[in-house]
Trainee: 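Sharing a structure below in C-alpha cells format, with a few things to ask.
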Amino acid sequence: MDCAQLMDKVEAASYRMMTTLLQEGGPLSMGELRIRIGLSRKTFLKYLGEFNELLDREKLGAYLSIEQEFVRLQAGPQFCLSALTGVLLRRSLRFRLLEAIWSQQVFTIQTLSARFQISEATLNRHLLGLNQLLDEFGLVIQNGRLRGSELQVRFLAFCLLREMTLPEDLVRIQQQADYQQFQTVIRAVIQKDSGLDLPIWWSLAQIRQRFQQEPSEALQLYQEHPTFQQLVGGLASLDWDSSELSLLFAFLLGQGLLASREMEKFLAFGGPIQDKVTELLQALKELGVSLQGPGPVLDDLGRLASQVYFFQGGLVSWEGEGTLRSYTRIHPQSWITVDVARSLAQRLVAEKDSRLLAFEWDFVQILDYLGDLKQPMKRLAVDSHRSPLVLARMVRTLKQYLQHNRLIEVETYQAGVNYSLVVTDATWRSYSNQPLYVLKEDLLGYDLEVIRELLQTDRIL
C-alpha cells in the first residue's frame, strides 16, 4: 500500500507529482512526469493549477512551476512533506472513512453514510476498495467492524499517522500528564530519543485499548521475557493489562526502540526472532563480514526480524527508489552492495512484499556501515533521530560528496561544539543557534546540492 491509494483522484495525482519531483532532486520534463502519473496534458495542467492553489491556501511553502516544458519544485525552508500528506489524506474520503472505522469498535452503514453525507451505495463501494488494500495487512471491514489482529490494526494506523504527524503534534502529546507518566516508566528500556514513533503509538493506545481484543499467539510467546516483565511491573500503576503490554512490547521491538542492552538481552532469550537474526548473521559471515559483539548492526537485525515476525504489510516508501538511485550515483561501485542488500532483504520477505524496498535500503546501510566504521569526522555535523545506522550512512554520504575539499570534514553532532552547518532531521531538538539545514525526509541528491551551496555561501568551499 502507498498513501496515494487512500487519496481521492486529484489528491493522489498531487501527491505523486510532489514525491516524484522530490525523488528526482531537480526539474523533470512535463512529458516524463505525466507518464509516471498517468495523466493527459490537459488533465495534468488542470491538476497542477489546483495543486498550486492548495499549496498556497494551506501555506505549505512550496510551488510547482513549468519552465520550457520542465516542471520544477520550488520549496521554501518551511515546506514539510508530512504536512502536505496530512492535508491530502484528510481531504480524501477513503482515508477519512478508514480513520473513523479504526477509531470505533462497531459502526452501521446508516450512521457512517450519514456522518460523511454519502449514499449507502457509495459507502459500500469505498469499503470494497478499502478491503482490497487492507488484505495486505490481514484485515477486513466486515459486519460493522474492522476485523483482524489488534496488533495489525494499530500497525496500519501507526504507519499512516507517521506519514502525516508533525513536530508540533509531538509537543502537544508530550505535554499531556498521562503521556509523561507513561514515558517515565518505560524510559529505562527504550532509546533516549524515540522521535515521533512512541507518541503516535501511545495516542493510538488511548483510542483502541477500550475495545475488546483477541489474544495473539505471536505475542504470548515472549511474555516471559525479562524486558516484558519489567514493563509489566513498571506500567502496573497505569492499569494496562497484559494484552496491551504485549502490543507495546511488539511495537518497541519492531520499530527498533528498545535500548541496545535490552535488544541484546532479548536476542539471548531465544525463539523465532533470534533464529532469523542468526540466519542473517550467517549470511553476512558468508560475505566475509563478522560482527564483533553487540552494537547497532545487531540491534538493526533484531528490529528487522521482529518486524517480520510480528507485523504484516506496510507502506511503500515514496523515497525508496530515489534514495537508492541517489546512493548509487554518489557511490558508482555500490551496485554490488545494492545487489547483496536485495538478496538479504529477500531472506525476510517475498519479492512482491511492500516492505522489500525498505528492507533493501536497511541492508544497504548495514553493509555501508560495516565498510566505513573508522573514517575521521568533524566540521560539518550530521544529526538524526533515527538509528545509528541511518546517521552513519548520512555521514558517509556527505564525506564522499565533499571529499574533494580537505577543509571540509564531517562528524556526528556533539552538543557544545560549534559547527559551520548542522544537517538534521530532528526538527524538535535544540542546537544552540547553530546554522541548520533541515532534511525533509532522507538525505537525497537535492539536499547534497543545497548543502554544498550553503557551504559556498559561507565561503567554506
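Count residues from 1 along the sequence.
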Trainee: Do side-chain atoms of Thr85 reach the backbone of Met164 as a donor and acceptor pair under 3.5 angstrom?
Mentor: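 The answer is no, because no donor-acceptor pair under 3.5 Å joins these two groups.
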Trainee: To the nearest 0.5 angstrom, please state how far the CZ atom of Phe158 sits from the CG atom of Asp197.
Mentor: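 It comes to 3.5 Å.
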Trainee: Nearest 0.5 Å, please: how far is CG in Asp362 from CG in Leu357?
Mentor: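 Atom-to-atom, Leu357:CG and Asp362:CG are 10.0 Å apart.
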Trainee: Should Glu279 and Lys276 count as an ion pair when the cut-off is N to O under 4.0 Å?
Mentor: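 Yes, charged N to carboxylate O under 4.0 Å.
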Trainee: In Å and rounded to the nearest 0.5 Å, what is the CG to CE distance from Leu253 to Met263?
Mentor: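 Those atoms lie 5.5 Å apart.
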Trainee: Do Asn52 side-chain atoms and Leu64 backbone N/O form a donor-acceptor pair below 3.5 Å?
Mentor: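 Checking the backbone N and O of Leu64 against the side chain of Asn52, a donor-acceptor pair under 3.5 Å is found.
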Trainee: Do Glu32 and Phe70 touch side chain to side chain, with heavy atoms closer than 4.5 Å?
Mentor: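 No, too far: nothing below the 4.5 Å cut-off.
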Trainee: Can the ring centroids of Tyr431 and Tyr413 be said to lie less than 6.0 angstrom from one another?
Mentor: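 Here the rings of Tyr413 and Tyr431 have centres that are less than 6.0 Å from each other.
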Trainee: Calculate, to the nearest 0.5 Å, the distance between atoms CG and CZ belonging to Asp56 and Phe51 respectively.
Mentor: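 It comes to 12.0 Å.
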Trainee: Take Val382 and Leu443 through the test side-chain contact (heavy atoms from CB on, under 4.5 Å) and record every step on the way to the result.
Mentor: CA-CA 11 Å; Val382 186; Leu443 181 64; over 6 Å; no
Trainee: Say whether, by atom type as modelled, one donor and one acceptor occur between the side chain of Thr43 and the main chain of Ser40 under 3.5 angstrom.
Mentor: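 Here the side-chain-to-backbone pair does not exist.
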Trainee: State, with a plain yes or no, whether a side-chain heavy atom of Ile173 is found less than 4.5 Å away from one of Ile200.
Mentor: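 No, their side chains stay 4.5 Å or more apart.
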Trainee: Answer yes or no: is there a donor N or O on one side and an acceptor on the other, between the side chain of Ser113 and the main chain of Gln110, under 3.5 Å?
Mentor: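 Present.
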Trainee: Answer yes when Glu11 and Arg90 have at least one side-chain N-carboxylate O distance shorter than 4.0 Å, and no when they do not.
Mentor: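 Here Glu11 does not pair with Arg90 in a salt bridge, since their nearest N and O are not under 4.0 Å apart.
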Trainee: Could you check whether any side-chain N or O of Arg145 sits under 3.5 Å from a backbone N or O of Val106, counting only pairs where one atom can act as donor and the other as acceptor?
Mentor: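 No; zero donor-acceptor contacts below 3.5 Å.
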Trainee: If you look at every heavy atom in Ala83 and Leu166, which pair is closest and at what distance?
Mentor: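 Scanning both residues, the minimum pair turns out to be N-CD2, 3.4 Å.
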Trainee: Would you say the side chain of Glu168 lies within less than 4.5 Å of the side chain of Arg172, judging by non-hydrogen atoms?
Mentor: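 A side-chain contact is absent here, since even the closest heavy-atom pair is not under 4.5 Å.
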Trainee: For the residue pair Ile451 and Leu421, what are the closest heavy atoms and their distance?
Mentor: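 Smallest heavy-atom distance, with atoms named: CG2-CD2, 4.0 Å.
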Trainee: Any ion pair linking Asp339 and Arg342 (charged N to carboxylate O, less than 4.0 Å)?
Mentor: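 Judged by the 4.0 Å cut-off on N to carboxylate O distance, Arg342 and Asp339 do not form a salt bridge.
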Trainee: Looking at every heavy atom in both Ala4 and Ala12, which two are closest together, and how far apart are they?
Mentor: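 In terms of heavy atoms, the two residues are closest at O-CB, 3.5 Å.
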Trainee: I'd like to check Val87 versus Arg91 (side-chain heavy atoms, cut-off strictly below 4.5 Å). Are they in contact?
Mentor: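 Yes; the side chains approach each other to less than 4.5 Å.
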Trainee: Has the side chain of Gln434 got a donor or acceptor atom that lies under 3.5 Å from a matching backbone atom of Tyr419?
Mentor: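 Checking the backbone N and O of Tyr419 against the side chain of Gln434, a donor-acceptor pair under 3.5 Å is found.
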Trainee: Drop me the distance from Met394's CE to Arg386's CZ, to the nearest 0.5 angstrom.
Mentor: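 Those atoms lie 4.5 Å apart.
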Trainee: Test of understanding: with side-chain contact (heavy atoms from CB on, under 4.5 Å), list the residues that count as partners of Ala341, not counting sequence neighbours.
Mentor: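 Ala341: side-chain contact (heavy atoms from CB on, under 4.5 Å) contacts with Glu360, Phe363, Val364, Leu367.
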Trainee: Given Arg36 and Glu24, is the salt bridge (Lys or Arg N to Asp or Glu O under 4.0 Å) satisfied, shown in steps?
Mentor: CA-CA 12 Å; Arg36 293 195 194 182; Glu24 290 300 315; 2.9 Å; yes
Trainee: Side chains of Tyr179 and Gln206 only: does a donor on one sit below 3.5 Å from an acceptor on the other?
Mentor: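 The answer is no; no qualifying pair exists.
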Trainee: Out of curiosity, Asp8 CG to Arg94 CZ, how far, rounded to the nearest 0.5 Å?
Mentor: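 CZ of Arg94 is found 8.5 Å from CG of Asp8.
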Trainee: So Arg162 and Leu315, do their side chains get closer than 4.5 Å, heavy atoms only?
Mentor: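 Leu315 vs Arg162: side chains apart.
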Trainee: Testing the basics here: between Arg429 and His385, what is the closest heavy-atom pair and its distance to 0.1 Å?
Mentor: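 Heavy-atom minimum between the residues: NH2-CA, 3.4 Å.
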Trainee: Check for me whether the distance between the ring centres of Phe155 and Phe310 falls short of 6.0 Å.
Mentor: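 Judged by ring-centre distance (under 6.0 Å), Phe155 and Phe310 do not meet the cut-off.
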Trainee: If you compare all heavy atoms of Leu133 against all heavy atoms of Gln5, which two are closest, and at what distance to 0.1 Å?
Mentor: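 Closest pair (atom of Leu133, atom of Gln5, distance): CD2-NE2, 3.5 Å.
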Trainee: Test side-chain contact (heavy atoms from CB on, under 4.5 Å) on Ile366 and Leu344 and set out the steps.
Mentor: CA-CA 11 Å; Ile366 288 173; Leu344 291 169; over 6 Å; no
Trainee: Please indicate whether Gln117 has more than 12 foreign heavy atoms, meaning atoms of other residues, nucleotides or ligands, lying under 6.0 Å from its CD.
Mentor: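 No, because the 6.0 Å sphere around CD of Gln117 holds 12 heavy atoms or fewer from other groups.
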Trainee: Are the side chains of Met7 and Leu89 in contact, using a 4.5 Å heavy-atom criterion?
Mentor: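 Heavy-atom side-chain distance check passes, below 4.5 Å.
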Trainee: For Arg208 and Trp102, indicate whether the former's side chain and the latter's backbone hold a donor-acceptor pair under 3.5 Å.
Mentor: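 Yes, because the side chain of Arg208 sits within donor-acceptor range (under 3.5 Å) of the backbone of Trp102.
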Trainee: Kindly give the heavy-atom pair with the smallest separation between Leu391 and Ser384, and that separation in Å.
Mentor: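 For Leu391 and Ser384, the tightest heavy-atom pair comes out as CD1-N, 4.0 Å.
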Trainee: Quick one: does Gln365's side chain get under 4.5 Å of Trp361's, heavy atoms only?
Mentor: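 Of all side-chain heavy-atom pairs linking Trp361 with Gln365, at least one is under 4.5 Å.
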Trainee: Should Ile101 and Leu112 be marked as a side-chain contact (heavy atoms from CB on, under 4.5 Å) after you check the CA-CA gap, both sets of side-chain angles, and the distance that decides it?
Mentor: CA-CA 9 Å; Ile101 290 169; Leu112 205 58; 4.1 Å; yes
Trainee: Would you say Gln68 has more than 12 foreign heavy atoms packed within less than 6.0 Å of its CD?
Mentor: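 No, because the 6.0 Å sphere around CD of Gln68 holds 12 heavy atoms or fewer from other groups.
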Trainee: Do Ser354 and Glu136 make a side-chain contact, defined as non-hydrogen atoms from C-beta onward lying under 4.5 Å apart?
Mentor: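 Yes - at least one pair of side-chain heavy atoms lies under 4.5 Å apart.
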Trainee: Give the C-alpha distance, both sets of side-chain angles, the deciding distance and a yes or no for side-chain contact (heavy atoms from CB on, under 4.5 Å) between Leu252 and Leu198.
Mentor: CA-CA 8 Å; Leu252 295 176; Leu198 192 61; 4.1 Å; yes
Trainee: Under 3.5 Å, side chain of Asn131 to main-chain N/O of Ile141, donor-acceptor pair present?
Mentor: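 Indeed, once roles are kept as given, a pair shorter than 3.5 Å links the two residues.
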Trainee: Under 4.0 Å between a side-chain nitrogen and a carboxylate oxygen: does that hold for Arg393 and Asp442?
Mentor: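 Yes, Arg393 and Asp442 are salt-bridged.
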Trainee: Is Ser92 reaching over with its side chain to a backbone N or O of Leu88, donor-acceptor style, under 3.5 angstrom?
Mentor: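 Pair found, side chain donor or acceptor close to backbone of Leu88.
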Trainee: Has Glu120 got a side-chain atom pairing as donor or acceptor with Ile109's backbone, closer than 3.5 angstrom?
Mentor: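 Between the backbone of Ile109 and the side chain of Glu120 there is no qualifying donor-acceptor contact (under 3.5 Å).
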